[in-house]
Trainee: 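Once you've had a glance at the structure underneath, I'll fire off some questions.
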Amino acid sequence: MHSNDLNNNDILDALLNKTWKKVTVDGGELRANDLDMIMEMDNSNKRFAFKNTTFPTTYRHKDAFKFASIEYDDALWIQMDDLLTLKNEKIIRLGRTVFESQDLNLLLKTWQRSPHDMFRILTLRNNLNEINVDETFKDLVTLTVEHRMVHSVLLGADNFNNHRDLPNLGVNIRGRNIEFTAFENVEEWNEPRILRNN
């Protein structure tokens, strides 16, 4: 649907009252009150994608990531503080962002210290410039593999036995794109302790 379709009462009624799995809003400028209506639905089992849309740059909502899967092609409105407070989210895909390598470093350190899982998958595209790998992983204990054009890094949560379901993180960087994938413990990795911070 197009963002203008959010003005149609039949479509709004269907979004609010019908069972659906995935909705894609493709094109147009989004209004804060329409976005609020979407964010305030029960979205925990729904997939939503906003493609080729423009968000109000000052938009904020506490439930912006409370979806089974959410994709924001225009993620310029998302602040690092929004990501630092993630808790048990599933799949988040962010298109255009303006996060710097220092922001990503803060996100990784927050993920590592967090007592709970923050996300299963988080992808983003940095519109400022290519990601500085050294700044992104500064002061973190990691296992790094470089293969062709991809820089892959593994790291573990600070407290390896903290009862998180996903205490390991794989990070793949390709140019301006970065993907974080959290995953379970792999029994074979317990010895030697390659992902533990001591």
Side-chain angles (χ1 to χ4, degrees), residues 1-108 110-111 114 117-132 136 171-182:
M1 81 172 91
H2 191 274
S3 62
N4 292 337
D5 295 332
L6 295 173
N7 297 323
N8 182 315
N9 287 335
D10 291 334
I11 291 176
L12 287 178
D13 182 59
L15 283 176
L16 291 170
N17 301 311
K18 305 285 187 223
T19 301
W20 50 271
K21 296 278 186 202
K22 182 175 182 183
V23 170
T24 300
V25 177
D26 193 349
E29 290 189 26
L30 297 160
R31 297 179 317 192
N33 58 338
D34 293 331
L35 290 167
D36 286 346
M37 184 267 313
I38 291 169
M39 302 301 174
E40 291 164 8
M41 295 186 299
D42 177 13
N43 293 314
S44 59
N45 294 316
K46 298 173 180 171
R47 297 181 300 152
F48 227 94
F50 293 92
K51 298 184 177 217
N52 306 306
T53 57
T54 304
F55 274 71
T57 56
T58 59
Y59 185 73
R60 297 283 172 278
H61 200 285
K62 65 180 178 58
D63 295 328
F65 301 108
K66 300 291 182 196
F67 296 82
S69 170
I70 185 68
E71 180 177 347
Y72 295 115
D73 187 42
D74 170 16
L76 297 171
W77 58 279
I78 294 174
Q79 303 294 309
M80 182 52 63
D81 288 345
D82 299 324
L83 299 182
L84 296 178
T85 59
L86 293 174
K87 185 173 182 180
N88 297 319
E89 304 305 337
K90 296 176 183 158
I91 301 171
I92 301 169
R93 301 193 187 286
L94 305 179
R96 297 179 306 276
T97 68
V98 290
F99 300 128
E100 297 189 17
S101 297
Q102 296 90 331
D103 298 319
L104 299 175
N105 180 260
L106 177 60
L107 177 63
L108 286 167
T110 301
W111 176 89
S114 177
D117 293 322
M118 293 175 67
F119 52 80
R120 179 169 288 278
I121 297 173
L122 170 64
T123 62
L124 60 90
R125 177 174 172 78
N126 183 350
N127 272 23
L128 293 176
N129 46 37
E130 286 200 16
I131 295 166
N132 181 316
T136 300
V171 183
N172 291 308
I173 299 173
R174 183 184 297 241
R176 296 178 182 199
N177 299 309
I178 186 166
E179 179 173 277
F180 305 90
T181 304

Trainee: Answer yes or no: is there a side-chain heavy-atom contact under 4.5 Å between Thr57 and Leu76?
Mentor: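 No, too far: nothing below the 4.5 Å cut-off.
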Trainee: Between the main-chain N or O of Arg125 and the side-chain N or O of Thr97, is there a donor-acceptor pair closer than 3.5 Å?
Mentor: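 Yes; judged by distance alone, with no hydrogens or angles, the pair exists.
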Trainee: Any heavy-atom pair between the side chains of Phe67 and Met39 that's under 4.5 Å?
Mentor: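 Yes, at least one pair of side-chain atoms sits under 4.5 Å.
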Trainee: If you define the side chain from C-beta out and look only at heavy atoms, does anything of Asp103 sit under 4.5 Å from Val98?
Mentor: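 Asp103 vs Val98: side chains apart.
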Trainee: Could you check if a side-chain atom of Arg96 sits within less than 4.5 angstrom of a side-chain atom of Asp73, using non-hydrogen atoms only?
Mentor: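 A side-chain contact under 4.5 Å exists here.
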Trainee: Could you tell me whether the side chain of Asp74 and the main chain of Phe55 form a donor-acceptor pair under 3.5 Å?
Mentor: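 Side chain of Asp74 to backbone of Phe55, a donor-acceptor pair under 3.5 Å: yes, one is there.
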Trainee: Is there a side-chain contact between Phe50 and Ile70, using heavy atoms and a 4.5 Å cut-off?
Mentor: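 Phe50 reaches Ile70 side chain to side chain.
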Trainee: I want to check something: taking the side chain as every heavy atom from C-beta on, are Ile131 and Phe99 in contact at a cut-off of under 4.5 Å?
Mentor: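 Ile131 does not reach Phe99 side chain to side chain.
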Trainee: Indicate, with yes or no, if the rings of Phe180 and Trp111 have centres closer together than 6.0 Å.
Mentor: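 Ring centroids of Phe180 and Trp111 are no less than 6.0 Å from each other.
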Trainee: Going by the salt bridge (Lys or Arg N to Asp or Glu O under 4.0 Å) test, which pairs reach into residues 53-69, not counting sequence neighbours?
Mentor: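 Residue pairs with at least one partner in residues 53-69: Lys66-Glu89.
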Trainee: Report the C-alpha distance between Asn177 and Thr123 in whole Å, list the side-chain angles of each, state the deciding distance to 0.1 Å, and finish with yes or no for side chain to side chain contact (heavy atoms under 4.5 Å, CB included).
Mentor: CA-CA 7 Å; Asn177 299 309; Thr123 62; over 6 Å; no
Trainee: On a heavy-atom basis, which atom in Pro56 and which in Leu35 lie closest, and how many Å separate them?
Mentor: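 Reported closest heavy-atom pair: CD-CD1, 3.8 Å.
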Trainee: Could you tell me whether a side-chain N or O of Tyr72 sits under 3.5 Å from a main-chain N or O of Ala64, the two making a donor and an acceptor?
Mentor: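 Flag set: sc Tyr72 to bb Ala64 pair under 3.5 Å.
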Trainee: Would you indicate whether the side-chain heavy atoms of Ile78 and Leu124 approach each other to under 4.5 Å?
Mentor: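 They are not in side-chain contact.
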Trainee: Indicate yes or no: at least one non-hydrogen side-chain atom of Leu83 is less than 4.5 angstrom from one of Met118.
Mentor: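 Sidechains of Met118 and Leu83: no contact.
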